[in-house]
Amino acid sequence: MCQRVCPAYIAGLIRPADRKSVQPMAARDGKFGFDQIHHFVTDGVWSSPSLQAVRLQEVNRLVGDKATYLVIDDAALSKKGDYEVGVAAQYVFEFGKTSNCQSLLSVILASREVPVMIGLRLFFPKSCTVDVGR
């Protein structure tokens with residue numbers, strides 16, 4: 001089941017559309033129902049270490065050579081509300097001010113014109129980690 005639903009879910013994420021949540025994805029795709037895609041996303045029926053190993057082997061095959069660079073970058077996603085995971089008022093270099101946002105750290109392997117993301121983590125500011133209610 002996982003091998004069939006995964007491509008549909010990934011296609012739903014990369015298609016141009018306003019809403020990337022499971023219900024609109026299922027409606028646009030038509031092959032899988034909301035319940036099937038929701039089960040795929042929430043239950044995590046794959047082995048993360050195995051998937052990571054396969055992904056890194058494929059990345060190395062595609063871009064791993066002597067001309068490869070490791071790029072570490074941070075990014076901020078501007079947010080209007082306060083209730084999403086990791087959202088807090090933080091200084092954002094790109095905006096030049098303190099803004100309500102999520103902060104991300106990415107690790108990218110790049111060779112010539114081919115960048116491949118190998119890691120992406122959400123940064124949790126102290127205000128999110130010390131507030132028991134959050």
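Every heavy atom of this structure was used, including side-chain atoms; hydrogens, water molecules and symmetry mates were not. Computed from a prediction, not measured in an experiment: that's the story for all the values here.
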Exercise. Do Leu62 and Leu109 pass the side chain to side chain contact (heavy atoms under 4.5 Å, CB included) test, and can you show the C-alpha distance, the side-chain angles, and the key distance before you say yes or no?
Worked result: CA-CA 10 Å; Leu62 291 170; Leu109 199 61; over 6 Å; no
Exercise. Arg112: what forms a side chain to side chain donor-acceptor pair (under 3.5 Å) with it, not counting sequence neighbours?
Worked result: Asp65
Exercise. If we only count heavy atoms from C-beta on, is the Val22 to Val41 side-chain gap below 4.5 Å?
Worked result: yes
Exercise. Looking at residues at least two apart in the chain, or sitting in another chain, which of them share a side chain to side chain contact (heavy atoms under 4.5 Å, CB included) with Ile14?
Worked result: none
Exercise. Say you draw a straight line from CZ of Phe32 to CD1 of Ile37; how long is it, rounded to the nearest 0.5 Å?
Worked result: 7.5 Å
Seminar exercise, completed: Sequence neighbours excluded, the answer for side chain to side chain donor-acceptor pair (under 3.5 Å) partners of Arg28 is none
Exercise. Are Val130 and Val87 connected in a single hydrophobic cluster, I mean Ile/Leu/Val/Met/Phe/Trp/Tyr linked by side-chain heavy atoms less than 4.5 Å apart?
Worked result: no
Exercise. Who are the side chain to side chain contact (heavy atoms under 4.5 Å, CB included) partners of Thr42, not counting sequence neighbours?
Worked result: His38
For this session: Look only at the side chain of Gln102 and the backbone of Leu122, and say whether a donor-acceptor pair between them is shorter than 3.5 Å.
Result: no
Exercise. Linking I/L/V/M/F/W/Y whenever their side-chain heavy atoms sit closer than 4.5 Å, directly or via other members, would Ile108 and Val63 fall into one cluster?
Worked result: no
For this session: Could you tell me which non-hydrogen atom of Ala26 sits nearest to which non-hydrogen atom of Gly33, and how far apart they are?
Result: CB-C, 3.8 Å
With a 3.5 Å cut-off and sequence neighbours excluded, list the donor-acceptor pairs that the side chains of residues 89-96 form with protein atoms.
unit_1: Gln90; atom_1: OE1; unit_2: Ser103; atom_2: OG; d: 3.1
unit_1: Gln90; atom_1: NE2; unit_2: Cys101; atom_2: O; d: 2.9

Exercise. Does CZ belonging to Phe34 count more than 12 external heavy atoms closer than 6.0 Å?
Worked result: yes
Exercise. If only atom types and distance count, is the side chain of Arg121 paired as donor or acceptor with the main-chain N or O of Leu104 below 3.5 Å?
Worked result: no
Problem set entry | Pair His39-Val5, side chain to side chain contact (heavy atoms under 4.5 Å, CB included): steps then yes or no | CA-CA 10 Å; His39 172 72; Val5 177; over 6 Å; no
Exercise. Out of curiosity, Arg15 CZ to Met25 CE, how far, rounded to the nearest 0.5 Å?
Worked result: 9.0 Å
Exercise. Between Val54 and Ile10, is there a shared hydrophobic cluster once you connect ILVMFWY residues whose side-chain heavy atoms come closer than 4.5 Å?
Worked result: no
Seminar exercise, completed: So CG of Leu120 and CG of Leu105: to nearest 0.5 Å the spacing works out to 8.0 Å
Exercise. Quick one: CG on Asn60 to CD on Gln57, what's the gap to the nearest 0.5 Å?
Worked result: 8.5 Å
Exercise. Is there a path of hydrophobic side-chain contacts, each under 4.5 Å between heavy atoms of I, L, V, M, F, W or Y residues, that connects Val114 with Leu70?
Worked result: yes
Exercise. Glu58: what forms a side chain to side chain donor-acceptor pair (under 3.5 Å) with it, not counting sequence neighbours?
Worked result: Arg61
Problem set entry | Whether Ser111 side chain and Gly64 backbone form a donor-acceptor pair below 3.5 Å | no
Exercise. Do Phe123 and Met117 share a hydrophobic cluster, counting only Ile, Leu, Val, Met, Phe, Trp and Tyr and linking them when any side-chain heavy atoms are less than 4.5 Å apart?
Worked result: no
